[in-house]
Number of protein chains: 2
Amino acid sequence: MSLPHAILTALLEKPSSGLELARRFDKSIGYFWSATHQQIYRELGRLEKAGLIRALPAAPARGQKKEYEVLPDGRAALSAWVAEAGAPRPVRDPLLLRMRAAAVVGTAGLAEEIRRHLDLHRRQLAEYRAIEERDFPPERDSAEDRLRHVVLRGGIGLETFWTEWLTEALTAVGEPVGEQGNGRA
Amino acid sequence: MSLPHAILTALLEKPSSGLELARRFDKSIGYFWSATHQQIYRELGRLEKAGLIRALPAAPARGQKKEYEVLPDGRAALSAWVAEAGAPRPVRDPLLLRMRAAAVVGTAGLAEEIRRHLDLHRRQLAEYRAIEERDFPPERDSAEDRLRHVVLRGGIGLETFWTEWLTEALTAVGEPVGEQGNGRA
DNA sequence: GGCACTTTTGCAACTAGTTGCATAAGGTTC
DNA sequence: GAACCTTATGCAACTAGTTGCAAAAGTGCC
C-alpha cells in the first residue's frame, strides 16, 4: 500500500498530471519506489474515486493533460500513513540468491554478472553524491531539508553497501578486481 | 523468476517435501527471498510439470508427505540462471518513502515507528552474527563455505546499514536515542 | 489537407505474491 | 470411537506490479 502514498507525497510537493508524475518518479521518489506510468494512472483513478485527490477543472478528453491536486482527506490519509506500523520488508535480491545457488552448482559466469552490478551501483552512488552536493549544501538546514537529506543518505548508504559487498563477492568467486574493474577473465 | 531457482537450490542441498521447504525458507534462504507455503506448493507443481524436479515414488495421497528431488534438467536450469543477466532491483522500502512524506506532512508518530524498526534490525543483525559464529569458524574455508559466508555477510552488511541509517533518521526526526533505544518522548 | 511524430491518457492481459480456507491423514486422549 | 490436535497438501480469490498496445489530441512539414 505504498504507491498511493508515494503519489500523494509527490502531488503535495507539486500538483501534476500523470505523465509528469511518471517522469518525476524516474528521478526522485522512484529511487526508492519505482512505478510505471500505467500504475500511476490506475492509482490516480483510484485516489480520485476515493476522494483523496481531484482533477483540476480542465479538459477531460483523452489526449489532454489532466492535473491533480491533493484534497484535505488525502493529506490526512498521508499523515496517518506516516505513523502507521509496518514490518520491514525482507531483502529479496536475486543476486544474493544466485550467489547461494553458485555454492551448489558452481560459479560459472557469475563473476561477469557481479562486475556488471558493481558498475551499476557505483554509477548510482556517484549520482546520489552529485545530488547531495547540488541540493544539500551545509548551509541549507530547515527541518524539511534535513528529512529529505536523510532519505538521500539512505540511498547513499545502500549503494555504498552494495559496492563493498559486491567487491567482497567478486573475491569469493575467485576474481579479485581493480578499482575500474574491467579485466576480463 | 527467482522463486523456482531458490527452490531448486534448496532441493539440491537436500531433497524435501513442500512443508519442509517452507520451514527451511523461514530460517535460511527466506532471509533473502521469503515465500509462503502456498507459493512453494504452486511452484513445486510447476517445476514438476516442467520436468525439472520429480516426486520421489511414495504416497501420492492428500495428507501425505511428498518428497521432491532435482533432475539433471533442473540442475542445468539453475546453473544457467546463475550466470544470467538481471537488473538490480530498486530498493522499494516504505520507510524511506514515509520519511520523505514526513518532510511534507510532518513527522508525527514517525519516531516511534523508526525505533521499532531499529529494534527489529538490531535483532536480525544479532541473529546473523550468531549464525556466522556458529557456522563459519575461521578454519572452515572450502569454496562452498566461502560463497555461503559471503551471502551471510551480505545480510550482516544490510542490517548494519539499516541500524546506522535508522539511528541517523531518528536524530533527524528530532529524537536522539540511546543504545537501548527505549526512552519514550 | 495529409502525413509523420510527440504527448498524454488509458485498456487489457499477464505474472508474482498474499490471504483465507478446505481437505486428508495420523496421533492423542478420554 | 469421538473429539481434538498436528502435519501436510492444496484450491480460490485477491492485490500489486509489469508489458504490450491503442487511441485522442497537438505539432511540424511540405
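Convention: sequence-line order gives letters A, B, ...; per-chain numbering from 1. In this text the structure is predicted, and so the values were computed from the model without any measurement.
- Using a cutoff of 4.0 Å between basic side-chain nitrogens and carboxylate oxygens, B:Lys27 and B:Glu127 are not scored as salt-bridged.
- Note: CD1 (A:Ile40) to C1' (C:dT8) measures 13 Å, nearest angstrom.
- Salt-bridge formation is detected for the pair B:Glu13/B:Arg148: a Lys NZ or Arg NE/NH1/NH2 atom is positioned less than 4.0 Å from an Asp or Glu carboxylate oxygen.
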**Request:** Take B:Phe25 and B:Tyr31 through the test ring-ring contact (aromatic ring centres under 6.0 Å, His included) and record every step on the way to the result.
**Result:** CA-CA 8 Å; B:Phe25 263 67; B:Tyr31 288 142; over 10 Å; no

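- Between the CZ atom in B:Arg23 and the OG atom in B:Ser28 there is a gap of 14.0 Å [rounded to 0.5 Å].
- For B:Ile7 and C:dA16, the CD1 to C1' distance is 13 Å, given to the nearest whole Å.
- Contacts of B:Arg23 with the nucleic acid, taken as non-hydrogen atoms under 4.0 Å apart, involve only primed sugar atoms and P, OP1 or OP2.
- Between B:Asp26 atom CG and D:dT7 atom P there is a gap of 14 Å when expressed in whole angstrom units.
- Between B:Arg46 and B:His37, it is B:Arg46 whose nearest contact on DNA chain C lies nearer the 5' terminus.
- Contact annotation: B:Gln39 side-chain N/O to C:dG17 OP1/OP2 distance is under 4.0 Å.
- Rounded to an integer number of Å, the gap from CD of B:Glu67 to P of D:dA8 is 10 Å.
- Rounded to whole Å, the distance from CG on A:Leu21 to P on C:dT8 is 12 Å.
- The listed nucleotides are C:dG17, D:dT9, D:dG20; the one nearest the side chain of B:Arg42 is C:dG17.
- Here the straight-line distance linking atom CG of A:Leu21 with atom CD1 of A:Ile7 works out to 6.5 Å at 0.5 Å rounding.
- Nucleotides of DNA chain D nearest to A:Gln38 and A:Met1 differ in position, and the one nearer the 5' end is that of A:Met1.
- Heavy atoms of B:Arg92 sit under 4.0 angstrom from primed sugar atoms or phosphate atoms, though from no base atom.
- In this structure, B:Tyr41 does not reach the D:dG10 phosphate: none of its side-chain N or O atoms is under 4.0 Å from OP1 or OP2.
- Separating the CG atom of B:Leu3 from the P atom of D:dA16 is a distance of 20 Å, rounded to the nearest angstrom.
- Taking only side-chain atoms of A:Lys66, from C-beta outward, the nucleotide of D:dA8, C:dG10, D:dG17 with the closest atom is C:dG10.
- D:dA23 atom P lies 24 Å from atom NZ of A:Lys65, rounded to whole Å.
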